[in-house]
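Written below as structure tokens is the structure these notes are about.
We name chains A, B, ... by the order of the sequence lines, and we start the count at 1 in each one. Atoms considered below: every heavy atom in the structure, side chains included; atoms not considered: hydrogens, waters and symmetry mates.
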Number of protein chains: 2
Amino acid sequence: MISLRQMRSVVAVAEEGSFTRAAVRENATQSGISQHVATVEESLGIRLFERTSEGVLLTPAGDRYYKKILDVLRGSEEAIIDAQSSRETLSGPVRAGIMPVLARAALAPALERMACQHSDVSIHIMEGYSGALTDSVKAEELDFAVVPAFGGAVGLNVSHLARDREMLVGGAQSGLVHGKPVRLAELPPLKLVTPSRNNIRKARIEDYLTTHSVCVDRVMEMDAMFGTLDFVARTDWVTILPGVICAPDLDGTVRRIAPIDQPPLYLDLVQIEPARRPLSLQARVFLEELKKEVEELVAT
Amino acid sequence: MISLRQMRSVVAVAEEGSFTRAAVRENATQSGISQHVATVEESLGIRLFERTSEGVLLTPAGDRYYKKILDVLRGSEEAIIDAQSSRETLSGPVRAGIMPVLARAALAPALERMACQHSDVSIHIMEGYSGALTDSVKAEELDFAVVPAFGGAVGLNVSHLARDREMLVGGAQSGLVHGKPVRLAELPPLKLVTPSRNNIRKARIEDYLTTHSVCVDRVMEMDAMFGTLDFVARTDWVTILPGVICAPDLDGTVRRIAPIDQPPLYLDLVQIEPARRPLSLQARVFLEELKKEVEELVAT
DNA sequence: TTGTGCTATCAAGAATTCTAATGAGGCTCT
DNA sequence: AGAGCCTCATTAGAATTCTTGATAGCACAA
């Protein structure tokens with residue numbers, strides 16, 4: 001009889017393409033994974049993986065089996081969640097990953113509502129950039145994460161959460177008119193603060209700058225959200241940030257916010273979760289709160 | 001994390017309505033089952049069963065959970081079967097239960113084809129009456145069984161296999177014309193050999209006799225197939241048997257076979273298998289052979 | 001050749017799962 | 001009321017399974 005643990009091992013190896021990485025993800029040793037997979041292969045009487053010197057690949061039969069047991073694993077978790085939904089109060093942990101952009105304005109209200117309406121739910125937030133969050137979700141250290149849209153990944157369910165608009169943000173002396181859309185190409189050469197290279201938004205912003213022939217004087221890469229905000233407020237540098245982060249600056253006294261226009265630059269936010277595990281009820285509720293909050297912020 | 005074994009325990013208890021019987025069915029001890037169920041209930045945080053002094057009953061939440069994990073268990077077995085179907089040769093065991101009526105004529109040809117076409121498949125046949133076969137299927141001592149249609153049972157998948165016609169069978173001196181349909185009500189009082197009370201066919205036959213005012217002189221209950229056949233051949237007693245058993249008597253020299261008519265009396269054959277486990281590939285193939293054979297016999 | 005990546009294998013210890021015995025409660029018969 | 005029989009729950013120890021860490025082997029690249 002093949003156990004769920006063994007199936008998890010097969011799934012991990014299939015998705016990671018490597019026994020070693022699968023072991024890391026499953027908090028196990030390579031040896032244990034190897035034994036599990038070997039046991040499964042033996043009791044099925046078929047070879048699931050083609051071993052090469054730099055990892056493994058699913059055989060056709062292995063691929064079919066992998067798809068089947070994905071359903072089994074998901075089903076077993078769904079059953080738990082479903083059963084728990086019949087309890088009076090929502091409880092249990094929620095471990096959510098969110099990008100810094102959301103953490104400034106959208107997080108707190110959602111958190112507050114959640115904490116007061118479902119006091120038995122313990123929430124753990126991890127703030128980080130998409131790469132780190134994605135890894136944590138894969139390792140199931142997080143139930144889900146909200147990150148910028150990206151190319152997709154094996155073993156993850158990706159679904160669209162909201163679309164936000166990028167803004168040009170500068171200080172009082174930036175010359176920007178608060179709330180008035182700007183066309184970047186028409187501005188004098190920019191002194192621009194951008195995220196660093198490993199940030200997904202960086203690539204999108206650069207794309208936009210080159211394809212719309214925006215003139216850039218100087219570029220500074222900075223991954224510190226608060227640092228950036230403070231820096232542009234005090235100097236003549238500007239930066240590009242999504243609308244959701246701008247709510248605290250709505251009055252326009254400290255910082256000037258100008259929607260990028262002609263064409264607008266959008267930021268698509270997606271939620272990601274492990275494909276092999278459905279979201280817990282409490283996680284779904286929290287995600288709903290977050291989404292509600294983001295949509296509200298985007299609308300303003 | 002809830003294991004498949006634990007789920008099996010929950011399913012068994014749900015279907016048997018008792019920890020003790022579930023333990024028997026699972027080849028385990030009542031203690032083990034109790035612990036498994038307790039663990040599951042604890043990790044779900046809900047009560048799955050209402051304990052009474054004469055067994056247990058699913059709570060509403062328990063019922064939902066039961067239905068979910070049935071799918072999970074079936075899925076995990078399906079994955080195995082599916083994976084094995086990608087192997088070159090069919091192999092593994094088939095444990096089939098069939099009623100004596102089928103064993104006389106339908107079994108041997110199906111068995112022979114199976115044995116010669118799939119030499120790696122080991123077949124084990126259990127002959128018995130529906131009660132015993134049903135129990136064995138529930139205990140998973142058998143992969144499937146073919147029995148007369150009946151009222152259904154929890155934990156079993158029942159599906160129609162074939163419909164056969166009951167025949168009146170007598171010896172040379174019975175006065176029956178071989179192959180000519182008879183109306184039982186028009187015959188002189190019958191000296192009838194029937195199955196015994198715990199046989200499903202018995203009830204159907206009695207129903208027929210009373211609702212169609214058939215005159216019966218004497219009744220003898222006998223559960224021995226060969227004994228019955230031999231007995232009616234030598235005496236003026238007659239019996240009622242389905243057509244599938246009559247193939248060896250097609251010539252009409254030893255026994256006379258007369259289809260019961262106005263109205264005909266049918267025997268519906270169903271296949272039963274555990275609901276929580278799909279049929280293995282080899283079992284499905286064998287069942288197909290059996291079905292083919294039965295249909296051929298019924299047609300003649 | 002040496003180094004680096006990968007998976008397989010082994011034996012021992014840790015952890016889990018099973019079992020057998022016993023307990024506690026309810027029902028039914030005498 | 002008490003004996004007998006049924007139910008499920010609870011233990012402690014036995015049996016099994018899982019996990020680990022060390023090691024071996026293999027393929028490829030420098």
Scan nucleotides 14-16 of chain C against the protein and return all N/O pairs shorter than 3.5 Å with their distances rounded to 0.1 Å.
none

**Prompt:** Salt bridge check: are Arg5(A) and Glu26(A) linked by an N-O gap of less than 4.0 Å?
**Reply:** no

**Prompt:** Who pairs with Glu78(A) by side-chain contact (heavy atoms from CB on, under 4.5 Å), at least two apart in sequence or on another chain?
**Reply:** Arg74(A), Pro278(A), Lys68(B)

**Fill in**
Arg8(B) atom CZ is separated from dT17(C) atom C1', nearest whole Å, by 15 Å

**Item:** Atom-to-atom span, CD of Glu50(B) to P of dT7(D) - whole angstrom
**Value:** 18 Å

**Request:** Give a yes-or-no answer on whether the side chains of Thr39(B) and Gln35(B) include a donor-acceptor pair shorter than 3.5 Å.
**Result:** no

**Item:** Presence of Ser18(B) side-chain N/O under 4.0 Å of dC8(D) phosphate oxygens OP1/OP2
**Value:** yes

**Request:** Would you classify Ala28(B) as touching base, sugar-phosphate or nothing, given that sugar-phosphate means primed atoms plus P, OP1 and OP2, and contacts are heavy atoms under 4.0 Å?
**Result:** sugar-phosphate

**Nucleotide dT10(D), atom P - distance to NE2 of His36(B) in whole Å** = 15 Å

**Message:** Using 0.5 Å steps for rounding, measure from the CG atom of Leu142(A) to the OG atom of Ser136(A).
**Reply:** 4.5 Å

**Request:** Send over the distance from Ile33(B) CD1 to dT10(D) P, rounded to a whole Å.
**Result:** 16 Å

**Request:** Would you mind checking if Lys67(A) and Asp71(A) are paired as a salt bridge, meaning a charged N to carboxylate O distance below 4.0 Å?
**Result:** no

**Request:** Decide yes or no for Leu4(A) and Met7(B): does some side-chain heavy atom of the first lie under 4.5 Å from some side-chain heavy atom of the second?
**Result:** yes

**Request:** With rounding to the nearest 0.5 Å, note down the distance linking CZ in Arg8(A) to CE in Met1(B).
**Result:** 5.5 Å

**Prompt:** Are Glu206(A) and Thr210(A) linked by a side-chain donor-acceptor pair shorter than 3.5 Å?
**Reply:** no

**Asked** Just checking Thr52(A): base, sugar-phosphate only, or nothing, at a heavy-atom cut-off of under 4.0 Å?
**Response** nothing

Using atom names, set out every protein N or O paired with an N or O of nucleotides 21-29 of chain D below 3.5 Å, distance rounded to 0.1 Å.
residue	atom	partner	partner atom	Å
dG21(D)	O6	Ser31(A)	OG	2.5

**Message:** Between Thr134(A) and Ser130(A) (side chain of the first, backbone of the second, donor and acceptor by atom type, cut-off under 3.5 Å), is there such a pair?
**Reply:** yes

**Asked** dT17(D) C1' sits how many Å from Ile2(A) CD1, rounded?
**Response** 16 Å

**Message:** Strictly below 4.0 Å: does Arg51(A) bring a side-chain N or O up to OP1 or OP2 of dC6(C)?
**Reply:** no

**Request:** Grab the CE-P distance between Met1(A) and dC18(C) for me, whole Å please.
**Result:** 12 Å

**Item:** Arg5(A) CZ to dT17(D) C1', straight-line distance once rounded to whole Å
**Value:** 11 Å

**Prompt:** Given atom CG of Leu48(A) and atom P of dT7(C), what is their separation to the nearest angstrom?
**Reply:** 15 Å

